[in-house]
Amino acid sequence: MTQSNADTSAELWLNAAYDLLISSGIDAVKVMTLAKHTDLTRTGFYWHFKDLNAVHECLIDRWEETNTGNLIARSNAPAQTIAEAMLNVFDCWYDATLFDAPLDLAIRNWARTDTKVKARLDAADSIRINSLAKMFIRFGYEPADAEVRSLTVIYTQIGYISMHVTETPQTRLSRAANYVALFTGVHPTDRDITVFQQRNRLEFLPNDQLHE
């Protein structure tokens with residue numbers, strides 16, 4: 001087996017594990033079940049992974065790199081105002097390649113029964129909150145104020161995910177300006193929203209609908 005084929009095959013196993021984790025929870029991620037989903041043999045699994053724990057670690061790494069990594073990157077993105085900076089972070093809620101909400105929920109559910117995963121989750125949440133707090137402080141907010149605002153942002157998004165809130169992109173977009181104002185105390189300009197729409201390839205809404 002060439003290195004390229006080996007990498008592809010390993011990715012098949014990991015993608016199957018991801019699908020099972022999302023759809024059925026961590027208890028469904030078993031070697032035999034993965035073999036059925038990939039149409040590969042159990043022997044093939046052990047060619048790539050020492051054991052099931054190795055797959056678990058890869059799933060957690062994927063979650064940390066995608067969700068926590070991208071949230072940090074967006075909170076550190078260049079911005080002239082706190083409203084613009086907050087909209088940079090909002091990219092995570094509109095672009096599934098930046099923030100995988102189903103995976104975030106699956107990890108949170110997994111953490112209910114696994115203390116090691118719970119520790120990783122707590123650490124990730126702290127990193128996200130601290131990153132947002134630094135963003136607020138960068139724009140002149142006092143540390144205590146920055147922390148509470150950051151907690152509000154993160155807890156609101158966790159609530160969205162945990163409650164399986166479904167909205168059309170247009171509905172969520174119509175609330176974006178007010179969410180920015182709620183989190184930051186500053187209302188974004190129409191230009192801020194237009195740039196945000198263009199960046200996320202969202203259907204344009206009239207300005208009067210953006211501020212309802």
[X] side chain near [Y] side chain, heavy-atom distance below 4.5 Å:
{"X": "Phe99", "Y": "Asn70", "value": "no"}
{"X": "Leu34", "Y": "His37", "value": "no"}
{"X": "Ile193", "Y": "Leu87", "value": "yes"}
{"X": "Val55", "Y": "Tyr18", "value": "no"}
{"X": "Thr33", "Y": "Val29", "value": "no"}
{"X": "Met86", "Y": "Thr81", "value": "no"}
{"X": "Ser9", "Y": "His48", "value": "yes"}
{"X": "Phe136", "Y": "Thr184", "value": "yes"}

Would you call [X] and [Y] a salt bridge, taking side-chain N to carboxylate O under 4.0 Å as the test?
{"X": "Asp125", "Y": "Arg108", "answer": "yes"}
{"X": "Arg138", "Y": "Glu84", "answer": "no"}
{"X": "Asp95", "Y": "Arg74", "answer": "no"}
{"X": "Glu57", "Y": "Lys116", "answer": "no"}

Checklist entry - For Asp91 and Asn200, does a side-chain donor sit closer than 3.5 Å to a side-chain acceptor? => result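 Asn200 and Asp91 do have a side-chain donor-acceptor pair below 3.5 Å.
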Checklist entry - Taking only residues two or more places apart in sequence or in another chain, which ones pass salt bridge (charged side-chain N to carboxylate O under 4.0 Å, His left out) with Lys118? => result Asp122
Checklist entry - Would you say Ile137 and Ile129 are hydrophobically clustered, going by side-chain heavy atoms of ILVMFWY under 4.5 Å? => result no
Checklist entry - Between Ile161 and Ile127, is there a shared hydrophobic cluster once you connect ILVMFWY residues whose side-chain heavy atoms come closer than 4.5 Å? => result no
Next on the checklist: Please report the interatomic distance CH2(Trp63) to CG(Asp100), rounded to the nearest 0.5 Å.
Outcome noted: 11.5 Å
Checklist entry - Out of curiosity, Tyr160 OH to Thr166 OG1, how far, rounded to the nearest 0.5 Å? => result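 It comes to 10.0 Å.
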Item to check | Within 45° cone of Tyr141 ring axis and under 6.0 Å: Arg149 NZ or CZ | outcome: no
Item to check | Least distance between heavy atoms, Thr41 atom then Ala35 atom | outcome: C-CB, 4.4 Å
